[in-house]
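Below: the structure, in structure tokens.
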Protein chains: 2
Amino acid sequence: MASPKLLLVEDDISLAELLEYRFTKEGYRVRSTPDGDEALEMAEEDAPDLVILDWMIEGTSGIEVCRRLRRAKGTEHVPIIMLTAREAEDDRIRGLDTGADDYITKPFSPRELLARVSAVLRRVRPALAGETIQVGDMKLDPVAHRVEREGKELKLGPTEYRLLAFFMEHPRRVFSRAQLLDAVWGTGSEIEERTVDVHIRRLRKAIEAGGAPDPIRTVRSAGYALEPV
Amino acid sequence: MASPKLLLVEDDISLAELLEYRFTKEGYRVRSTPDGDEALEMAEEDAPDLVILDWMIEGTSGIEVCRRLRRAKGTEHVPIIMLTAREAEDDRIRGLDTGADDYITKPFSPRELLARVSAVLRRVRPALAGETIQVGDMKLDPVAHRVEREGKELKLGPTEYRLLAFFMEHPRRVFSRAQLLDAVWGTGSEIEERTVDVHIRRLRKAIEAGGAPDPIRTVRSAGYALEPV
DNA sequence: TTCGCCTGTCACATGCCTGTAACACACACA
DNA sequence: TGTGTGTGTTACAGGCATGTGACAGGCGAA
């Protein structure tokens, strides 16, 4: 979790290799392909946390890949950063319209792109960017994969951790069971909604272990929310 | 509640797809059809929060669809945004005359349309746009699913919440029991109108809990309205 | 392999919410 | 003041949403 999965779509091989090396060194897991269709397949089989997409690639164009990612189940909300060849204003606007979250015009330095990636991830998935999140008396360290409450580490199972991390990324906000299934179990999972209740129950039990109050609010006929305590 | 339901009526398939994923990405729930009659059916079975309607579609024309939506029960007040092909002044005027809330002339960028949709929704259904609503001394936060009065949280049941949210979206306006049933219970619900009275009573009780005055006005033989206090 | 942890589902308990009916009360009109 | 219509209020039975404990299967570690 603490090493975001990137998908790099770039047909300039030497640039791709450079970026791959650089990002890997920074702790990202990178998968790379020069081909649009292959990128879509890769994204489908294992949804990345962020896509870096060259506007001008052979075969299926960047903008088309962008569109299909947005339409495909499981990748609708994956942030996309576009690489555009020129400063053509058209391209910029069309790129963002198509659903890209940010763009960067060539030539750029790897460091610049690193900054963009980090910025976008921080905005969309703070925990993924390696930032610790604090909500009330709970502190989540995504790098160490730990959650503390009142200085004591919480003992959480994998699902409980993902569920709590998601809540902590969006405190106070009410999520329906369906939304939680999408976010925590992955889009398209065919799990009973009641299962969410059970995991909420387990999460509550784990969080309250030290006798602290229950920060999870049940909103009848709507869902659950995490309240800072 | 925080994801408005759109109905898109557009027979240019590629444009429809573009808009569909763009809006989906922004968190809207989109249903789409190229056919006017089908659009009417879809609107009837599950009333959308906003309709995006192409002026020139095959079969039943856009203007006719617009008229029928306005006449049909359950969709009288659903905002409509018209897509017009040319800048022909005629079209614009007739479109607005017919009951459209806004129009946009092709070609337009998805971003432009997004802005219009967001603007219209904010005007007509603020809570759906995720905005907190303030009416008098009451504040409603649709994301957190909470209502405060004088800083204290109100304890509301699900129906009371929906009822109050609806009132707060249209302060001062008088609604008949039938209108409230449509808006809060959903189109086609077969509930006794007197039931509304009971829920009004419950809502009043919950709102007045702190001893504050009753903001709900009874309009004899007409309905109820929420007055800012 | 065995063991232990994690997971998804079920069944049951519980408490809240809901729609309706019935009665009391207020208002308009004669 | 009487009458009828419309609204306020209460009580209640049933339904529905959620809480909770148990269980069997899966999976990985040892």
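Here is how names work: the chains are called A, B, and so on, in the same order as the sequence lines, proteins then strands, and each is numbered from 1. Since the model is a prediction, treat every value here as computed from it, not as a measurement.
- Bending across the helix from C:dT1-D:dA30 to C:dA30-D:dT1, expressed as the angle between its end axes from five pairs apiece, amounts to 30° (10° rounding).
- Legend: ring-ring contact (aromatic ring centres under 6.0 Å, His included) pairs involving residues 188-229 of chain B, not counting sequence neighbours, sorted by first then second residue: B:W185-B:H199.
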Task: Protein proximity profile, nucleotides 13-24 of chain C - base contact B, sugar-phosphate-only contact S, no contact -, cut-off 4.0 Å on heavy atoms - done: --BBSBBBBB--

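- Comment: A:D197 engages A:R177 in a salt bridge, judged by a side-chain N to carboxylate O separation of less than 4.0 angstrom.
- A residue-by-residue look at A:K205 and A:A222 shows that A:A222 has its nearest nucleotide of DNA chain D further toward the 5' end.
- Residue pairs that meet the salt bridge (Lys or Arg N to Asp or Glu O under 4.0 Å) test with at least one member in residues 150-161 of chain A, sequence neighbours left out, are A:R146-A:E153.
- Applying the side chain to side chain contact (heavy atoms under 4.5 Å, CB included) criterion to B:P158, with sequence neighbours excluded, gives A:R220, A:S221, B:R162.
- For A:F167, the ring pair (Phe, Tyr, Trp, His ring centres under 6.0 Å) criterion is met by no residue, not counting sequence neighbours.
- A:R204 pairs by the side chain to side chain donor-acceptor pair (under 3.5 Å) definition with A:D214, A:T218, not counting sequence neighbours.
- Close to D:dG19, at under 4.0 Å from its OP1 or OP2, lies a side-chain N or O of A:Y224.
- Residue B:D197 contributes atom CG, which lies 13 Å from atom C1' of D:dT5 at whole-angstrom precision.
- Counting to the nearest Å, the P atom of D:dT9 and the CD1 atom of B:I216 are 12 Å from each other.
- Protein atom CZ of B:R204 is 11 Å distant from nucleotide atom P of D:dT7, rounded to whole Å.
- Under the rule for a side chain to side chain contact (heavy atoms under 4.5 Å, CB included), the partners of B:A222 that lie at least two apart in sequence or sit in another chain are B:V174, B:V219.
- Applying the ring-ring contact (aromatic ring centres under 6.0 Å, His included) test to pairs two or more places apart or on separate chains, none has a residue in residues 114-144 of chain A.
- What separates CG of B:L203 from P of D:dG8 is a distance of 12 Å, to the nearest Å.
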